Amino acid sequence: MEDLTSPLHDIRGVADAANGHGDDALLRQFADGDAAAARVLTDRLAPRSFSVALRMLGNKAEAEDVTQEAMMRLWQMAPNWVSGQAKVSTWLYRVTLNLCVDMRRKKSPDRLADVPEPEDGTRSAAERMQDEARKDALQTALSQLPERQRQAVVLRHIEELPNPEIAGVMGISTEAVESLTARGKRALTAILAGRRDELGYDDG
Amino acid sequence: MSWGMTMAEKDMELDQLLAHARQNRPVLPDDLAVRVLTDAEAVRLERLRPPQRSHWARLLDNVAGWQGISGLVAAGVAGVWIGFAAPDFLPDPATFIYVQDSGYVVSDLGLDTVFLEDAE
């Protein structure tokens with residue numbers, strides 16, 4: 001399996017004085033034994049990893065596992081982090097996306113359609129959100145995109161990362177990012193149009 | 001086109017869906033936050049613990065380091081060699097088997113015992 005933690009020098013993070021450096025310093029504090037730093041890093045970074053994983057996988061339990069593993073790798077690599085080379089969040093997005101790819105490879109095709117869960121009135125906000133995601137036309141369309149287009153569209157149009165940072169996350173040029181997002185959006189539009197036809201929303 | 005929506009309208013619909021997704025990003029589930037922080041604490045405590053010495057390292061400490069080990073090895077090798085090719089001036093323990101009248105098991109006898117009984 002690809003080593004997800006080693007290619008730090010490949011990540012071309014964009015300097016973000018406010019967040020990037022703050023995460024850097026927090027990671028160093030955690031490596032020095034500061035437990036509070038882990039809490040702040042979790043608050044800042046884990047939701048982003050979870051959001052991307054949920055959009056990439058469309059499954060809450062799998063997205064949770066991916067985020068836990070991505071954050072575990074963050075804790076483990078903390079002492080080796082070299083400040084200024086990349087943003088911590090860029091690194092985490094990259095690890096998260098790679099773990100999602102691994103997860104999808106492991107998953108058999110027939111598990112793509114999950115078994116519906118019983119309605120019991122005690123569902124958490126996240127579980128309800130998962131239901132919404134399932135019904136979400138966007139999620140359905142996203143799941144039909146090729147992997148790289150889906151990654152680019154999610155990072156650009158949902159996570160709102162700038163193209164140079166997406167390039168760092170995906171290990172490609174900014175031109176390639178632009179191309180992927182443009183093709184991804186065109187494909188999404190086409191998929192949504194097809195779906196609308198299929199559901200009979202447009203009859204004339 | 002049969003569905004009466006222009007390309008621009010379809011793009012707008014996609015943009016609205018993406019905007020909705022941006023405004024409704026998932027909240028980190030509490031139990032996931034607990035799992036993540038539990039991992040962090042385990043990693044942190046592991047890092048704070050002094051490095052564990054291996055069994056071999058501790059054994060070495062007990063026998064005065066590598067020099068102690070080499071002494072032990074030399075003594076062991078010498079013992080085996082003497083067992084196979086004893087010098088002439090040492091008695092051959094095998095001959096004492098026939099000296100004994102009683103039903104002692106040879107392995108129970110130390111050389112001292114044999115010498116004492118022989119002298120009697």
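Each chain gets a letter, A, B and so on, in the order the sequences are listed, and its residues count up from 1. For the numbers below, each heavy atom of this structure counts, side chains included, while hydrogens, waters and symmetry mates do not. This structure is a prediction, so every number in the text was calculated from the model and none was measured.
Summarising the geometry of Leu48(B) relative to Gly33(A), their closest heavy-atom pair is CD2-CA, 4.3 Å, with the distance given to 0.1 Å. Of all heavy-atom pairs spanning Trp75(A) and Val36(B), the tightest one is NE1-O, 3.3 Å. Of all heavy-atom pairs between Arg22(B) and His157(A), the closest is NH1-O, 2.5 Å. Residue Val153(A) comes nearest to Leu18(B) through the heavy atom pair CG1-CD2, 4.5 Å, listed as atom of the first residue, atom of the second, then distance. Taking every heavy atom of both residues into account, Phe50(A) and Leu28(B) meet most closely at CB-CD1, 3.9 Å.
Neither the backbone nor the side chain of Asp30(B) comes within contact range of chain A; no heavy atom of the residue lies under 4.5 Å from a heavy atom of that chain. Heavy atoms closer than 4.5 Å to chain B are found in the backbone of Asp34(A), but not in its side chain. Proximity to chain A (any heavy atom under 4.5 Å) is shown, for Leu17(B), by both the backbone and the side chain. Heavy-atom distances place no part of Glu69(A) under 4.5 Å from chain B, backbone and side chain included. For Arg47(B), the part sitting under 4.5 Å from any heavy atom of chain A is the side chain, from C-beta outward, and nothing else.
Taking chain B as the reference chain and counting heavy-atom pairs below 4.5 Å, the highest number among Ala35(A), Pro47(A), Ser49(A) is found for Ala35(A). The most heavy-atom pairs under 4.5 Å with chain B, out of Ala31(A), Ala70(A), Ala38(A), Ser51(A), come from Ser51(A).
Taking OG1 of Thr42(A) as the reference point, atom CG of Leu37(B) lies at 4.0 Å (rounded to 0.5 Å). Note that the CD atom of Glu160(A) and the CZ atom of Arg25(B) stand 5.5 Å from one another [nearest 0.5 Å]. With rounding to the nearest 0.5 angstrom, the CG atom of Asp39(B) is 9.5 Å from the CE atom of Met71(A). Atoms CE and OG1, from Met12(B) and Thr189(A) in turn, are 12.0 Å apart once rounded to the nearest 0.5 Å. How far CD of Gln23(B) is from CD1 of Ile158(A): 12.0 Å, rounded to the nearest 0.5 Å. Distance CG/Leu14(B) to CZ/Arg186(A): 12.5 Å, rounded to 0.5 Å.
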